[in-house]
Amino acid sequence: MASSWTWKKAIKVGAAAATAGGGGCALLYLTSVYNSDRKKEQVQQKLAASGLNKRPSKPLPTRADQLNSLANEQFDVLIIGGGATGSGCALDAASRGLKTAMVEYDDFSSGTSSRSTKLIHGGVRYLQKAIMNLDIEQYKMVKEALHERANLLEIAPHLSFPLPIMLPVYKWWQLPYFWAGIKAYDLVSGGDCLKSSYILSKSRALELFPMLKKNELKGAIVYYDGMHNDARMNISIAISAVRLGATVANHVKVVDLIKTDGIVSGAKVRNQLTGEEFSIKAKSVINATGPFTDSIRKMDDGQTRDIVCPSAGIHIMLPDYYSPSNMGLLDPATSDGRVIFFLPWQGLTIAGTTDTPCPVTNSPGPSESDIQFILSEVKNYLTPDIDVRRGDVLSAWAGIRPLVKDPNAGDTASLVRNHVVHVSDSKMVTIAGGKWTTYRAMAAETVDEAVEAAQLGVGPSMTDGLLLEGAHNWAPTMFIRLVQDLGVDTAVAQHLSDTYGDRAFSVGKMAGLTGQRWPIVGRRIHQEFPYIDAEVRYAVKEYAATAVDVIARRLRLSFLNVQAAEEALPIVVSIMADELGWDKEEQDKQTEDAMDFLRMQMGKDLNKASRDNIPVSLTKAEIAEYVKRFNALDDGKKGYISINDIRKSLKSQGVILTNEDVSALMATISVETHGSLDLPEFLQMMSAIKSGTVSHSRFAKMAEMDYKAKKYGEHMERSGGGV
């Protein structure tokens with residue numbers, strides 16, 4: 001009774017607080033909704049008149065064609081950097097009719113733009129600060145972000161969607177406090193509100209998020225933000241710019257700037273894949289290089305002060321059973337004051353992020369301490385029934401967030417809260433800071449400055465409401481047509497629809513026959529994920545030039561499961577070799593580069609180190625049991641288990657594997673076994689499984705089955721479901 005009374009009292013307090021200015025709030029909200037609807041109608045009329053939202057039908061120019069244009073034509077605008085902001089600038093400039101070029105040192109979205117928390121958000125915390133500090137600038141920043149959030153969900157509905165996020169409450173006083181804050185978030189959204197927030201009782205919260213810690217839980221509040229596939233969104237923006245006439249090229253590095261009469265008028269660049277150098281001429285140059293902003297600024301002026309303060313954000317991927325498939329979780333106050341999100345993404349669970357000062361590097365990697373911090377915070381919010389294990393970390397990565405100082409301000413010591421657009425004395429325009437959600441608004445402001453600086457004489461931005469690649473004819477039920485028309489399985493069809501939008505049919509038509517009754521086409525490159533062979537071929541048409549481009553940005557496999565990415569790598573390299581004409585030497589190089597990427601940037605080395613550093617802590621009985629299993633596999637008593645031993649064991653169990661399958665099985669143990677495993681290594685692996693540092697092992701399971709088969713006879717009677 002006391003608990004029920006307290007619950008009702010908390011609701012009444014919250015309702016009273018919200019009702020205090022009810023009439024004024026209602027009027028403000030209705031006015032906002034009306035103005036938003038009116039603005040959207042005007043935007044659509046403008047885009048319809050311009051013809052910009054008509055679905056392009058021409059094929060994309062090849063990468064070779066793009067490089068030839070860059071070397072031989074003159075442009076109005078050259079954008080350096082192919083992340084979200086740089087690609088946004090290219091799309092904005094092209095939509096205004098400017099002759100636009102963009103180059104990227106690595107691949108589109110290879111940096112920070114592919115390593116985000118995957119949220120499209122207005123900033124609940126920023127709104128809290130704006131209200132508490134009566135900060136109008138912070139309020140405007142949130143208001144802009146909320147509009148951009150709604151716009152992004154409209155222009156790329158296949159790549160983005162509203163996600164309910166739960167805020168669990170463990171103190172009664174927090175219920176009305178958090179509820180008022182979240183309702184203010186809805187109110188400020190106005191006509192851009194995705195869905196209305198709501199409050200939950202304890203029982204209802206546990207029903208929707210059964211993994212939550214039950215003890216002392218009072219209830220929860222659910223609000224909505226957007227979620228997307230960040231790398232694919234970035235690539236779609238870049239491809240949309242190409243559709244409107246922009247010339248873009250990845251793997252092209254700016255090595256110096258060109259100046260004419262003291263004004264930046266282009267750049268000297270190098271093709272990173274061939275080493276060829278050439279110059280690109282442009283009337284205006286935009287620096288949109290994120291963490292590398294200062295390196296380009298120093299090409300312009302060697303004496304300029306650094307404005308970027310890089311900070312690393314670490315994320316980890318966990319199995320799907322760590323979260324519901326359609327509900328996220330926000331921890332608003334971790335042990336050190338940071339915020340942790342816990343979100344379903346691409347069929348798994350993403351957890352992060354941290355915020356740690358770091359150096360600027362092309363290959364940021366996660367740290368074991370940050371991984372342990374995230375696991376510790378996750379453990380605090382989940383029921384004790386769930387064993388949060390280090391071995392459940394499928395991948396881990398770091399993204400460098402470019403926090404910036406304002407070079408326009410007299411005080412250059414303090415960081416800005418949003419973004420900075422700066423025009424140098426030589427007319428180079430720099431855009432730095434900001435966040436994924438507001439990339440479009442940042443790009444529009446940046447191109448405005450470039451147009452003014454170079455006197456290019458074009459109209460305002462046209463990208464508000466401008467549909468991105470794949471959005472024009474997409475519908476939520478399009479995957480059904482893919483199943484019926486092409487013969488792909490439902491999971492693959494859903495993935496193709498949600499990734500490529502109305503271009504999914506172009507991808508599906510490139511799929512090879514499976515040789516099975518069903519599905520007819522669409523050979524998966526890894527059995528655990530819905531990625532198919534055709535996507536690798538299509539990725540090459542969209543300028544993927546390396547194996548890492550595919551496994552990291554086009555398929556997202558390395559971000560989801562680093563071991564699966566390694567296992568799929570030979571197939572990816574083989575298909576790309578067919579498309580790009582790679583010889584054996586180039587295929588080996590691509591494989592080696594991709595493995596380095598997985599080891600250093602996707603957490604593979606850390607996963608291995610955490611396993612190898614675990615001391616053997618087994619009981620005498622456990623050691624005796626595992627020695628028996630080892631000896632059962634060690635044919636000939638050599639003192640180690642070889643690949644041939646594994647093949648013989650599996651054959652005796654009726655399982656025939658290829659050399660590649662057996663090698664992949666051994667790779668799950670250690671990359672340094674060189675085709676064999678001795679007894680100490682075997683015992684250490686079993687100890688790692690016991691401690692949770694390794695969540696599971698196909699090899700260990702095979703050893704157990706082999707031992708039982710030899711102990712109880714080759715023909716064990718099986719039970720469970722047969723007649």
Side-chain angles (χ1 to χ4, degrees), residues 112-129 142 145-146 149 152-153 160-170 178 181-182 185 194-195 197 205 208-209 211-213 220-231 233 311-356 366 370-382 386 388 392-399 401 435-438 556 559-560 603:
T112 309
S113 297
S114 64
R115 303 166 187 245
S116 72
T117 310
K118 321 305 177 191
L119 285 177
I120 310 169
H121 64 103
V124 175
R125 289 180 301 142
Y126 298 131
L127 181 61
Q128 178 192 29
K129 293 176 182 177
V142 174
L146 288 169
R149 178 190 68 175
L152 197 49
L153 267 67
S160 56
F161 54 91
L163 177 73
I165 300 175
M166 182 180 291
L167 185 62
V169 177
Y170 289 90
F178 286 156
I182 294 298
Y185 195 56
L194 302 182
K195 293 184 179 182
S197 58
L208 293 175
F209 207 119
M211 306 83 173
L212 268 183
K213 183 175 66 177
I221 297 166
V222 175
Y223 74 98
Y224 286 81
D225 260 329
M227 195 174 213
H228 68 155
N229 181 344
D230 52 1
M233 185 74 79
S311 176
I314 310 297
H315 293 84
I316 63 174
M317 291 302 304
L318 297 167
D320 55 353
Y321 51 75
Y322 271 87
S323 68
S325 62
N326 60 347
M327 178 73 73
L329 182 74
L330 167 64
D331 177 357
T334 61
S335 57
D336 67 352
R338 292 182 285 192
V339 171
I340 289 286
F341 284 98
F342 195 58
L343 310 165
W345 186 68
Q346 300 285 304
L348 298 173
T349 302
I350 183 173
T353 179
T354 58
D355 188 7
T356 309
D370 280 328
I371 292 174
Q372 293 295 342
F373 167 78
I374 294 173
L375 289 175
S376 175
E377 294 301 327
V378 166
K379 187 178 298 185
N380 289 339
Y381 269 85
L382 297 186
I386 297 178
V388 180
D392 284 337
V393 177
L394 304 175
S395 65
W397 70 89
R401 184 185 177 196
K435 58 183 179 180
W436 229 118
T437 306
T438 56
R556 310 318 309 271
F559 283 83
L560 295 172

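We count residues from 1, following the sequence as given.
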>> I'd like to know whether Val124 forms a side-chain contact (heavy atoms from CB on, under 4.5 Å) with Phe178, so could you lay out the CA-CA distance, the side-chain angles of the two residues, the decisive distance to 0.1 Å, and finally the verdict.
In response: CA-CA 10 Å; Val124 175; Phe178 286 156; over 6 Å; no
> Less than 4.5 Å apart, any side-chain heavy atom of Thr112 and any of Arg115?
Replying inline: no
> What are the two closest non-hydrogen atoms of His228 and Trp345, and how far apart are they?
Replying inline: O-NE1, 3.3 Å
> Do you know which two heavy atoms are closest between Pro162 and Tyr224, and how far apart they sit?
Replying inline: CB-CD2, 4.2 Å
> Say you draw a straight line from CD of Glu377 to CD1 of Ile340; how long is it, rounded to the nearest 0.5 Å?
Replying inline: 6.0 Å
> Do Trp436 side-chain atoms and Ser113 backbone N/O form a donor-acceptor pair below 3.5 Å?
Replying inline: yes
> Do the side chain of Arg401 and the main chain of Ser311 share a donor and acceptor less than 3.5 angstrom apart?
Replying inline: no
> Should Thr117 and Leu343 be marked as a side-chain contact (heavy atoms from CB on, under 4.5 Å) after you check the CA-CA gap, both sets of side-chain angles, and the distance that decides it?
Replying inline: CA-CA 9 Å; Thr117 310; Leu343 310 165; 3.9 Å; yes
> Hey, does Asp392 have a side-chain heavy atom less than 4.5 Å from the side chain of Tyr321?
Replying inline: yes
> Salt bridge or not for Asp230 and Arg556, using N-O below 4.0 Å?
Replying inline: yes
>> Could you go through Ile165 and Leu119, starting from their C-alpha distance and side-chain angles, then the distance that decides it, and tell me whether this counts as side-chain contact (heavy atoms from CB on, under 4.5 Å)?
In response: CA-CA 11 Å; Ile165 300 175; Leu119 285 177; 4.1 Å; yes
>> Using a 3.5 Å distance criterion without hydrogens, assess whether the side chain of Tyr322 forms a donor-acceptor pair with backbone atoms of Pro344.
In response: no
> Can you tell me how far the OH atom of Tyr185 sits from the CD1 atom of Ile221, to the nearest 0.5 Å?
Replying inline: 14.5 Å
> Phe559 versus Ile350: any side-chain heavy-atom pair under 4.5 Å?
Replying inline: no
> Do side-chain atoms of Lys213 reach the backbone of Lys379 as a donor and acceptor pair under 3.5 angstrom?
Replying inline: no
>> Quick check: closest heavy atoms across Gly123 and Val142, and the distance to 0.1 Å?
In response: O-CG2, 3.9 Å
>> Treating Thr349 as the side-chain partner and Pro319 as the backbone partner, does any N or O pair qualify as donor plus acceptor under 3.5 Å?
In response: yes
> With a 4.5 Å limit on heavy-atom distance, are the side chains of His315 and Ser116 in contact?
Replying inline: no
>> Quick check: closest heavy atoms across Asp370 and Thr354, and the distance to 0.1 Å?
In response: OD1-CG2, 3.7 Å
> For Leu318 and Leu394, what are the C-alpha separation, side-chain angles and deciding distance, and is it a side-chain contact (heavy atoms from CB on, under 4.5 Å)?
Replying inline: CA-CA 6 Å; Leu318 297 167; Leu394 304 175; 6.0 Å; no
> Is the closest side-chain heavy-atom distance between Phe342 and Tyr381 below 4.5 Å?
Replying inline: no
> Going from CG on Leu163 to CG on Asp225, what distance comes out if it is rounded to the nearest 0.5 angstrom?
Replying inline: 8.5 Å
>> Please find the pair of heavy atoms, one from Ile314 and one from Ile374, that lie closest to each other, and give the distance.
In response: O-CD1, 3.5 Å
>> Give me the atom names and distance for the closest heavy-atom approach of Leu329 to Pro168.
In response: CD1-CD, 3.4 Å
